[in-house]
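Written below as structure tokens is the structure these notes are about.
Order of the sequence lines fixes the chain letters, A, B, ..., with proteins taken first and strands second; residue numbering starts at 1 for each chain.
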Amino acid sequence: SQKIEQNSEALNIQEGKTATLTCNYTNYSPAYLQWYRQDPGRGPVFLLLIRENEKEKRKERLKVTFDTTLKQSLFHITASQPADSATYLCAFSLSGGYNKLIFGAGTRLAVHP
Amino acid sequence: GAVVSQHPSRVICKSGTSVKIECRSLDFQATTMFWYRQFPKKSLMLMATSNEGSKATYEQGVEKDKFLINHASLTLSTLTVTSAHPEDSSFYICSAQDGFSGNTIYFGEGSWLTVV
């Protein structure tokens, strides 16, 4: 069955450093991969979408890469700030729907001053 | 920006009763809405996909008679948890797809259900 894994349940870094989160998938070749931010008790907020024919996407301090050979996406936050502390979810679209998403379990990022 | 509103944000109900959660797209028409549930520190699990005016499509393992989904208009979908049990306690989240504007998707803020 299709599976998506985020390899760290939690990640702690110092303010100003770059946070790198990993998302791996198996038994599927997604056309799109998406990253979301979720704060405790809130719904996910869309951050970035990357297509299978795109190697890299950037948005302000965020960067996402998509390696279809490794079946992996990396999500980077540069110059991290305490306000970046949250859970970050990766998700890919299931067949049959652009936004019918299967989510990874998420990585809780904590940025310390 | 586009907003998806869920109501109620928190609800407590007694075992055996039914509870309805609403999901509204406030400034766009949602051709498709999705319902997820999330347990603490776990991922979102897709429960069903609902298209306006037609029956919802449920994911494997989700009881359609237990979780009734209605998508009667382009701005409203409802999830009714029938004969609720404590194990139904969870965080329920909807998302809405703006099918008229590039299929952008927006998530609601979620609804906490506690069954006592």
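Only one option out of A:Y28, A:W35, A:F66, A:Y36 pairs with A:F92 in a ring-ring contact (aromatic ring centres under 6.0 Å, His included); it is A:Y28.
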Derivation of the side-chain contact (heavy atoms from CB on, under 4.5 Å) call for B:Q6 and B:C94: CA-CA 8 Å; B:Q6 276 188 244; B:C94 72; 3.5 Å; yes
A:R61 and A:D84: CA distance, side-chain angles, deciding distance, side-chain contact (heavy atoms from CB on, under 4.5 Å) verdict: CA-CA 11 Å; A:R61 293 185 295 112; A:D84 295 326; 2.9 Å; yes
Working for side-chain contact (heavy atoms from CB on, under 4.5 Å), residues B:T78 and B:L76: CA-CA 7 Å; B:T78 61; B:L76 174 65; 4.1 Å; yes
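Residue B:L44 touches chain A through both its backbone and its side chain, counting heavy-atom pairs closer than 4.5 Å. Contacts of B:Q38 with chain A are made by side-chain atoms alone, with heavy-atom separations under 4.5 Å and no backbone atom involved. At a 4.5 Å heavy-atom cutoff, the contact between A:Q38 and chain B is made by side-chain atoms alone.
Listed by chain and number, the hydrophobic cluster partners of B:V116 are B:I12, where partners are ILVMFWY side chains within reach of under 4.5 Å, directly or through others. Grouped by direct or indirect side-chain proximity (heavy atoms under 4.5 Å, Ile/Leu/Val/Met/Phe/Trp/Tyr only), B:V62 sits with B:V11, B:V19, B:I21, B:W35, B:M47, B:Y58, B:F67, B:I69, B:L79, B:V81, B:Y92, B:L113, B:V115.
One distance of note links CZ of A:R42 with OG1 of A:T87; it measures 13.5 Å at 0.5 Å rounding.
Chain B forms more heavy-atom pairs under 4.5 Å with one residue of A:P40, A:P44, A:G43 than with any other, namely A:P44.
Chain B is approached within less than 4.5 Å, heavy atom to heavy atom, by A:F103, A:G104, A:A105, A:R108 from residues 103-113 of chain A, ordered by number.
For A:Q72, the side chain to side chain donor-acceptor pair (under 3.5 Å) partners at least two apart in sequence or on another chain are A:N24.
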